[in-house]
Asker: 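I'd like to ask you about the structure that follows.
Convention: sequence-line order gives letters A, B, ...; per-chain numbering from 1. Computation of the quantities below employed the complete heavy-atom set of this structure, encompassing side-chain atoms and omitting hydrogens, waters and symmetry-equivalent molecules.
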2 protein chains.
Amino acid sequence: MKTQLKKGVLDLCVLAVLDRGDSYAYELVNQLAQGMQISEGTIYPLMRRLQAEAWVETYLVESSAGPSRKYYRLTAAGRAELDAMRREWRDFVSEVELVLSPAPQTEEALS
Amino acid sequence: MKTQLKKGVLDLCVLAVLDRGDSYAYELVNQLAQGMQISEGTIYPLMRRLQAEAWVETYLVESSAGPSRKYYRLTAAGRAELDAMRREWRDFVSEVELVLSPAPQTEEALS
DNA sequence: CCGCATTACCTTGCAATGCAAGGTATCGTG
DNA sequence: CACGATACCTTGCATTGCAAGGTAATGCGG
């Protein structure tokens, strides 16, 4: 999948996944990596940004196999942002589809 | 419209517009600026990239009001690329919509 | 004829973000 | 006790959109 296309969408995707239940970065990468490529070098800075915006909050959970996991939970603000991003996403897709669709036959295009 | 979302899509949009007829950068900005914001500082480097990839070729046309216009015409390679990009776009949208849709209830998620 | 708006071209520097590469630490198993 | 898997993280680079600024041609009003 083209790298540039993902820019600005991964936030939305991560928030959407977290809306289905708390998770931690390492797991998020594995989940998202199935459909769209995404690597650790992407997710960790991204989670920091989400936390800096107060869209998620964290808590540690000890693991039976490996170091403690830093779980992320959506905040109320995060859920609101998720809704806003969903709307932006739909508007964006509509806009692009409009450009991609065949000429809209505007009357004044016959100069 | 969010800046980051546009990354990787503007190429596709410009090629799609050119597929409907030759145009020049200044006009492309005005056309695209209706739906999605786009500025001159974006379009000129972009057109250079498209030309460097040989997806478009140029020819000058003198204008009755202002300096000569540098028209861009889609090449065969450009048209092929446009088709490829359209497919990538659809795949990309599908992938994101999949993530945004409610939990798909995979059996093995009950560990 | 001169300045100004409009058209039309272009470049520089910055900001945002995805990613490869590399680093650290913990746990269970052989 | 070495190793793989799990899980965390950072640094530096590449790409790309954009604001800001610069150049030049044309026609019009004063």
Asker: Rounding to an integer number of Å, can you tell me how far A:Leu60 CG sits from C:dT26 C1'?
Answerer: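 Nearest whole value for this atom pair: 13 Å.
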Asker: Does D:dT6 have OP1 or OP2 under 4.0 Å away from a side-chain N or O of A:Ser63?
Answerer: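 So the side-chain polar atoms of A:Ser63 never come under 4.0 Å of the phosphate oxygens OP1 or OP2 of D:dT6.
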Asker: Are OP1 or OP2 of D:dT15 and a side-chain N or O of A:Lys2 less than 4.0 angstrom apart?
Answerer: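 Answer is no, no contact under 4.0 Å.
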Asker: Donor-acceptor check, side chain of B:Thr75 to backbone of B:Ala54, threshold 3.5 angstrom: yes or no?
Answerer: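 Flag set: sc B:Thr75 to bb B:Ala54 pair under 3.5 Å.
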Asker: Any side-chain to backbone donor/acceptor pair from B:Asn30 onto B:Tyr26? Under 3.5 Å, distance only.
Answerer: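 It does hold such a pair.
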Asker: Tell me the interatomic distance from B:Lys6, atom NZ, to C:dA15, atom P, rounded to whole angstroms.
Answerer: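 In whole Å, C:dA15 P and B:Lys6 NZ are 18 Å from each other.
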Asker: For DNA chain C, whose closest nucleotide is more 5', that of A:Ser68 or that of A:Asp11?
Answerer: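 The residue closer to the strand's 5' end, by nearest nucleotide, is A:Asp11.
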Asker: Heavy-atom nearest nucleotide on DNA chain D for A:Ala65 versus A:Gln4: which residue maps closer to 5'?
Answerer: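 Taking each residue's closest nucleotide, the earlier one in sequence belongs to A:Ala65.
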Asker: Just how far, in rounded Å, is C1' of C:dG18 from CD of A:Gln37?
Answerer: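 After rounding, the gap between these two atoms is 12 Å.
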Asker: Counting N and O atoms only, with roles assigned by atom type, does the side chain of A:Arg86 sit under 3.5 Å from a partner on the main chain of B:Leu100, one being a donor and the other an acceptor?
Answerer: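 Here the side-chain-to-backbone pair exists.
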Asker: From C:dC9, C:dC19, D:dG17, pick the nucleotide closest to the side chain of B:Leu10?
Answerer: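 Nucleotide nearest to B:Leu10's side chain: D:dG17.
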Asker: Starting at atom CD of B:Glu53, determine the distance to atom C1' of D:dT15, rounded to an integer number of angstrom.
Answerer: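 Roughly 13 Å, once rounded to whole Å.
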Asker: Do B:Lys7 side-chain and C:dT17 base share a donor-acceptor contact under 3.5 Å?
Answerer: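 Between C:dT17 and B:Lys7, which were checked side chain against base, a qualifying N/O pair under 3.5 Å is absent.
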Asker: Which residue, A:Arg48 or A:Arg69, contacts DNA chain D at a nucleotide closer to its 5' end, judged by nearest heavy atom?
Answerer: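 Its nearest nucleotide lies further toward 5', so the answer is A:Arg69.
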Asker: Kindly say whether A:Tyr71 contributes a backbone atom to a donor-acceptor pair with the side chain of A:Thr58 at under 3.5 angstrom?
Answerer: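 Pair absent, no side-chain N/O of A:Thr58 close to backbone of A:Tyr71.
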Asker: Nearest heavy atom decides the nucleotide; on that basis, is B:Gly66 or A:Pro67 closer to the 5' end of DNA chain C?
Answerer: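 Its nearest nucleotide lies further toward 5', so the answer is B:Gly66.
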Asker: How long is the straight-line distance from CD1 of A:Ile38 back to NZ of A:Lys6, given to the nearest 0.5 Å?
Answerer: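 One finds 7.5 Å between NZ of A:Lys6 and CD1 of A:Ile38.
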Asker: Round to the nearest Å and state the distance from A:Tyr59 atom OH to D:dA7 atom P.
Answerer: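 Atom-to-atom, A:Tyr59 to D:dA7, this comes out as 14 Å.
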Asker: Starting at CG of A:Leu28 and ending at P of D:dT6, how long is that distance when rounded to a whole Å?
Answerer: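 Checked: the CG to P distance equals 16 Å.
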Asker: Between A:Ile43 (CD1) and D:dT11 (P), how many Å, whole number?
Answerer: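 The answer, rounded to whole Å, is 19 Å.
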Asker: Measuring to OP1 and OP2 of D:dC8, would you say a side-chain N or O of A:Tyr26 lies under 4.0 angstrom away?
Answerer: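 Checking D:dC8 against A:Tyr26, no side-chain N or O comes under 4.0 Å of OP1 or OP2.
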Asker: Taking atom C1' of D:dC8 as reference, at what distance in whole Å does atom OH of A:Tyr72 sit?
Answerer: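 So the OH-C1' distance, A:Tyr72 to D:dC8, works out to 9 Å.
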Asker: Can you tell me which nucleotide in C:dC9, C:dT26, C:dA20 comes closest to the side chain of B:Tyr24?
Answerer: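 Of the candidates, C:dC9 comes closest.
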Asker: Does the base of C:dC10 carry an N or O that pairs as donor and acceptor with the side chain of B:Glu40 under 3.5 Å?
Answerer: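 Checked by distance alone, the answer is yes.
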Asker: Would you find a donor on one side and an acceptor on the other, under 3.5 Å apart, between the side chain of B:Ser94 and the backbone of B:Arg90?
Answerer: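 It does hold such a pair.
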Asker: Is the shortest side-chain N/O distance from B:Thr3 to OP1 or OP2 of C:dA16 below 4.0 Å?
Answerer: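 Result: no.
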Asker: Using a cut-off of strictly less than 4.0 Å, decide whether B:Arg49 has a side-chain nitrogen or oxygen near OP1 or OP2 of D:dA14.
Answerer: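 B:Arg49 to D:dA14 OP1/OP2: no side-chain N or O under 4.0 Å.
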